[in-house]
Amino acid sequence: MAEDKTIENRKADHIRICLDEDVSFSKKTGFERYELEHCALPDVNIGDIDLSTGFLGKPFNYPFFICAITGGTNEAEKINKTLAKAAESLGIGFGLGSQRAMLKDPSKKKSYEVRDVAPSAFIAGNIGAVQLPEYNIEQIDSLVSDLRLDALCIHLNAAQEAVQKEGDTNWQGVFHKIKEVASSVKFPVIVKEVGNGISGRVAKELKECKVSAIDIAGAGGTSWTKVEQYRNNSSDTFNEWGIPTAQALTEVRQEVKLPLIASGGIRSGIDAAKALVMGANLVGFALPVLKPATEGFEEVVAYFERIAKELRTAMFLVNASNLEELRRNAVLKYI
Ligand SMILES: Cc1cc2nc3c(=O)[nH]c(=O)nc-3n(C[C@H](O)[C@H](O)[C@H](O)COP(=O)(O)O)c2cc1C
């Protein structure tokens with residue numbers, strides 16, 4: 001129980017720090033080193049631009065994913081409901097935060113129950129890779145089946161665990177556990193980072209584990225080592241650790257054909273367009289939706305409408321009327 005309280009306090013700290021402090025990397029995502037070549041003569045009606053796509057068998061109206069944020073507290077319950085409702089209304093995907101709290105204490109399950117407000121949206125569960133060995137396959141299966149979700153995200157957060165006072169730093173066997181889970185469960189498994197990036201080499205290993213998709217979650221957005229530094233008032237040595245998002249995405253796309261989510265510092269429709277041209281199937285957002293999620297459903301919808309408008313504008317300016325044309329027509333120049 002003492003440990004449950006610790007998880008609850010930690011989750012509350014994370015939300016508070018992410019809302020109140022500057023938790024972003026100082027270094028950039030790497031997208032700023034690329035420019036989409038301007039097309040002075042587009043043959044497109046901006047009003048007809050189609051942003052729809054599909055991901056792991058579900059239709060999406062926009063290529064957007066709300067990445068894992070929270071769970072396990074009363075505040076988390078409100079945030080998850082608001083985000084799920086917005087995902088349903090927009091026709092985009094949503095990932096719940098780590099469900100470890102509900103495995104430790106089943107009364108916390110209600111903070112993750114969102115199917116009532118999002119009957120058809122693509123919704124993924126979430127658990128830490130290093131925590132997998134604590135649970136059997138039935139328990140892991142229940143994270144998705146009990147809540148009628150579409151997939152499970154397994155997060156890799158080695159850098160965060162390494163700097164956290166109470167962090168789990170024995171990662172031996174984690175690879176095999178991911179492999180066991182991915183080959184035992186019936187739903188898709190998405191492996192994600194939390195903002196330190198997945199390399200081409202790790203993506204190749206994940207492909208061997210038979211995971212269904214990868215969220216490369218690179219560096220340039222939220223720095224979890226920085227969040228932990230605020231929590232513990234500890235050293236800032238590892239605050240900038242990680243593979244910039246554009247680099248991680250390029251490497252991973254070269255290595256695997258799996259569906260990819262690009263997250264980690266995606267902050268505009270132009271970032272989104274560049275990531276989609278570099279091979280992402282979806283782009284993911286966490287920190288920018290946290291504040292709107294505490295304000296309400298309309299604020300979350302407004303955020304994504306702004307990003308969609310910017311993405312449409314970028315597509316117009318590279319002569320693309322849908323995502324297929326964006327990938328085919330856009331010229332991405334390294335500057
Ligand atoms: C407040 C907050 C809580 C998060 N909690 C989780 C989590 O429980 N599980 C997880 O896999 N990722 C978690 N993340 C990481 C995000 O899903 C995402 O990978 C990362 O923040 C990079 O995206 P961003 O730069 O848009 O924030 C969290 C992010 C934020 C901002």
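Not measured: the values here are computed from a predicted model. Counting starts at 1 for both ligands and their atoms, following the listed order.
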(message) Using a 4.0 Å cutoff against the non-hydrogen atoms of G221, which atoms of ligand 1 qualify?
(response) 25 (O)
(message) Once you restrict to heavy atoms under 4.0 Å, what part of S98 touches ligand 1? Side chain, backbone, both or neither.
(response) both
(request) Before accepting this row, confirm whether a basic side-chain N of the pair D13/R16 lies closer than 4.0 Å to the acidic partner's carboxylate O. (result) yes
(message) Looking at ligand 1, would G220 count as a contact under a 4.0 Å heavy-atom criterion?
(response) no
(message) Tell me whether I69 has any N or O atom under 3.5 angstrom from an N or O of ligand 1.
(response) yes
(message) For ligand 1 and L290, I'd like to know whether there is a polar contact (N/O to N/O, distance under 3.5 Å).
(response) no
(message) Give me each pair satisfying salt bridge (Lys or Arg N to Asp or Glu O under 4.0 Å) with a member in residues 318-335, each pair once, sequence neighbours excluded.
(response) E37-K333, E324-R328
(request) Please confirm whether F304 and F285 have ring centers closer than 6.0 angstrom. (result) yes
(request) Taking only heavy atoms of G97 into account, list the atoms of ligand 1 that are under 4.0 Å away from them. (result) 8 (O)
(request) Indicate yes or no: does an N/O atom of A217 lie under 3.5 Å from an N/O atom of ligand 1? (result) no
(request) Considering heavy atoms of the protein only, find what lies nearest to atom 30 (C) of ligand 1 and give residue, atom and distance to 0.1 Å. (result) W224 CZ2, 3.3 Å
(message) Using a 4.0 Å cut-off to any heavy atom of E193, which atoms of ligand 1 qualify?
(response) 19 (O)
(message) Between the side chains of K108 and E8, is the shortest nitrogen-to-carboxylate-oxygen separation below 4.0 Å, so that they form an ion pair?
(response) yes
(request) Just let me know how Q99 lines up against ligand 1, side chain, backbone, both or neither, with a heavy-atom cut-off below 4.0 Å. (result) neither
(request) For the pair E310 and R306, find out whether any cationic side-chain nitrogen is under 4.0 Å from an anionic carboxylate oxygen. (result) yes
(message) Could you check whether atom CD of Q172 has more than 12 heavy atoms from other residues, nucleotides or ligands sitting under 6.0 Å from it?
(response) no
(message) A68 versus ligand 1: do any nitrogen or oxygen atoms come within less than 3.5 Å of each other?
(response) yes
(message) Looking only at protein heavy atoms, which one is nearest to atom 20 (C) of ligand 1, and what is the separation?
(response) V194 O, 3.3 Å
(message) Taking distance alone, with N or O pairs closer than 3.5 Å, would you say N126 contacts ligand 1?
(response) yes
(request) State, with a plain yes or no, whether a side-chain heavy atom of K226 is found less than 4.5 Å away from one of F25. (result) no
(request) May I ask you to identify, for P288, whether its side chain, its backbone, both or neither come under 4.0 Å of ligand 1 on a heavy-atom basis? (result) side chain
(message) If we set the cut-off at 4.0 Å for heavy atoms, which region of R267 has an atom near ligand 1: side chain, backbone, both, or neither?
(response) side chain
(request) Look at E228 together with R231 and state whether they make a salt bridge at an N to O cut-off of under 4.0 Å. (result) yes
(message) Per the ring pair (Phe, Tyr, Trp, His ring centres under 6.0 Å) rule, what does the pair list look like for residues 73-105, sequence neighbours excluded?
(response) none
(request) Give a yes/no on ligand 1: does T70 have at least one heavy atom closer than 4.0 angstrom to it? (result) no
(message) So that I can tick it off, tell me whether D20 and K291 are bridged by a salt bridge, with the cut-off set at under 4.0 angstrom between side-chain N and carboxylate O.
(response) no
(request) Answer with yes or no whether G265 contacts ligand 1, where contact means a heavy atom under 4.0 Å from a ligand atom. (result) yes
(message) So R10 and E166, do their side chains get closer than 4.5 Å, heavy atoms only?
(response) yes
(message) One thing to verify: whether K207 and E255 come together as a salt bridge, which I'm taking to mean a side-chain N less than 4.0 angstrom from a carboxylate O.
(response) no
(message) List ligand 1 atoms under 4.0 Å from C67, heavy atoms only on the residue side.
(response) 17 (O)
(message) With heavy-atom distances below 4.0 Å as the criterion, list the atoms of ligand 1 near K11.
(response) 8 (O)
(message) Is there a polar contact between ligand 1 and K192, counting only N or O atoms under 3.5 Å apart?
(response) yes
(request) Kindly confirm or rule out a cation-pi arrangement of K274 over F31, judged by NZ or CZ under 6.0 Å from the six-membered ring centre and within 45° of its axis? (result) no
(request) Heavy-atom contacts with G264 under 4.0 Å: which atoms of ligand 1 show up? List them by number with element. (result) 22 (C), 23 (O), 25 (O)
